[in-house]
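Data block below; observations after.
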There are 2 protein chains.
Amino acid sequence: MPAREEHLFEVFDRLIAIKNECSSAIFSECGLSRLTVKQIAYLKAIDEHHDVTFSRLAEITRNSKPTITEMINRFVRMECAYRQKSPDDGRIVYIHLTEKGRMMANAEQNALNRMIEKMVRALDEKEVDLLIEILKKVG
Amino acid sequence: MPAREEHLFEVFDRLIAIKNECSSAIFSECGLSRLTVKQIAYLKAIDEHHDVTFSRLAEITRNSKPTITEMINRFVRMECAYRQKSPDDGRIVYIHLTEKGRMMANAEQNALNRMIEKMVRALDEKEVDLLIEILKKVG
DNA sequence: TACCCATTAGTTTGGTTTGGCCTAACTATA
DNA sequence: TATAGTTAGGCCAAACCAAACTAATGGGTA
């Protein structure tokens, strides 16, 4: 590997390590270090689809309704979600995320935010602008 | 959030997305998209400790020996690891990773490498050097 | 030297818990 | 009667365990 790439690898490896530390911190602050990959995916699905019902979430995730009931019961126990009955139709129940649930659904974004804060503290404005300019060319 | 941080967030979010795509690609190239978080942690432990035995791995991961036997049997089925008897002491068996196993243990690093390659292709040498210089100040 | 026995390494057996999935049957509302 | 969600009961895989087992080693002693 050329030296330039090697150096780039090292600095990014360090950045990713910082982000991962932020990520772990967020999960353990919420006491939810043992969330599974699946559970996070469900939380994201709920977060993305506003006022989602059990039937709708079953459709979205391609699972049966009992599976959704079970999953939501788990989330309620974890204080990540709660039920809200529709005022118009007594059969319908909306699934909402709690503050904690939203935090978990967006844990990666939140960790990135924390990392960015650290970055901004370590750099001056000119450096940040330069960084943005260069990295824009990659995406 | 200040505009500067917002922009920084966007460019890094995009970079992380690229890295995650590389990550997924690596797992599916190996046909191991369903590896669990635990399994990856075990693979890393094996990769880090050279010529590790069952007893030693049980110590390192703080699990019983039957748990290790079970886990290694799974890895052998997945073609991630194999057993090698000690030539000196017939009771001792070393755990080794296959090429695939090493790839999985270092999937994150490999994904980062692929991302860096994409980056280097998109930037010129001066930009890369500048990037390294700025990011060094963060770590 | 040869045998026996305690020790060590790993495996097998049989068990638990948790997550994640299902169908079929149920309840309540529309 | 149709729809929304729940309950009951079941399945399988992952991840753990203790206890009992097998095989190899390495003394110690007859």
* Asked: If you look at every strand shown and take non-hydrogen atoms under 4.0 Å, does B:Arg83 touch a base, only sugar-phosphate, or nothing?
  -> sugar-phosphate
* Asked: Within less than 4.0 Å of OP1 or OP2 of C:dG20, is there a side-chain N or O belonging to A:Thr36?
  -> yes
* To do: Give a yes or no answer on whether the side chain of B:Asn110 reaches the backbone of B:Asn106 with a donor-acceptor pair at less than 3.5 Å.
  => yes
* To do: Name the nucleic acid region contacted by B:Thr69, choosing base, sugar-phosphate or nothing; use a 4.0 angstrom heavy-atom cut-off, strictly under.
  => base
* **No-hydrogen, no-angle side-chain donor-acceptor test under 3.5 Å, B:Tyr42 and B:Asp47** => no
* Asked: Looking across every strand, which nucleic acid part, if any, lies under 4.0 Å from A:Lys65 by heavy atom: base, sugar-phosphate, or nothing?
  -> base
* If you check the A:Arg91 side chain, which of D:dA15, C:dT8, C:dT29 turns out closest? -> C:dT29
* Structure fact -> B:Lys38 has its side chain closest, among C:dC21, D:dA15, D:dC17, to D:dA15
* Asked: Could you give the CD-to-P distance, from B:Glu70 to D:dA13, as a whole number of Å?
  -> 12 Å
* To do: Would you kindly compare B:Arg77 and A:Arg56 by the position of their nearest DNA chain D nucleotide and give the one closer to the 5′ end?
  => A:Arg56
* Asked: Taking C-beta and beyond as the side chain, do A:Tyr94 and A:Lys85 meet within less than 4.5 Å on heavy atoms?
  -> no
* Could you check whether B:Tyr94 gets within reach of a base, just the sugar-phosphate, or nothing at all, counting any heavy atom under 4.0 Å? => nothing
* Asked: Between A:Ser64 and C:dC21, is there a side-chain N or O to OP1/OP2 distance below 4.0 Å?
  -> no
* Just call it for B:Asn73: base, sugar-phosphate, or nothing, with non-hydrogen atoms closer than 4.0 Å on any strand. => nothing
* How long is the line joining CG of A:Asp88 and C1' of C:dA30, in whole Å? -> 12 Å
* Asked: Over how many whole Å does the gap from B:Arg74 atom CZ to D:dC12 atom C1' extend?
  -> 13 Å
* Quick one: A:Phe54 CZ to D:dT7 P, roughly how many Å, whole number? -> 10 Å
* To do: Describe the nucleic acid contact of B:Ser55 in one word from base, sugar-phosphate, nothing, applying a heavy-atom distance below 4.0 Å.
  => sugar-phosphate
* Asked: How close or far is atom C1' of D:dT3 from atom NZ of A:Lys85, stated in whole angstroms?
  -> 14 Å
* Asked: Are OP1 or OP2 of D:dA15 and a side-chain N or O of B:Asn63 less than 4.0 angstrom apart?
  -> no
* Structure fact -> Looking only at D:dT25, D:dC17, D:dG5, the nucleotide nearest the B:Pro66 side chain is D:dC17
* **Shortest non-hydrogen contact from A:Gln84 toward A:His96** => OE1-NE2, 2.8 Å
For residues 70-77 of chain A, which side-chain donor-acceptor pairs fall under 3.5 Å, sequence neighbours excluded?
from	atom 1	to	atom 2	distance (Å)
A:Asn73	OD1	A:Arg83	NH1	3.2
A:Asn73	OD1	A:Arg83	NH2	2.9
A:Asn73	ND2	A:Thr69	O	3.3

* Counting N and O atoms only, with roles assigned by atom type, does the side chain of B:Ser28 sit under 3.5 Å from a partner on the main chain of B:Gly31, one being a donor and the other an acceptor? -> no
* Asked: If you look at every strand shown and take non-hydrogen atoms under 4.0 Å, does B:Gln39 touch a base, only sugar-phosphate, or nothing?
  -> sugar-phosphate
* **Between D:dA14 (C1') and B:Ile40 (CD1): distance, integer Å** => 14 Å
* Can you tell me the distance, in whole Å, between the CD1 atom of B:Ile68 and the C1' atom of C:dA9? => 13 Å
* **Gap between atoms CD1 and P, on B:Ile72 and D:dA14 respectively (whole Å)** => 14 Å
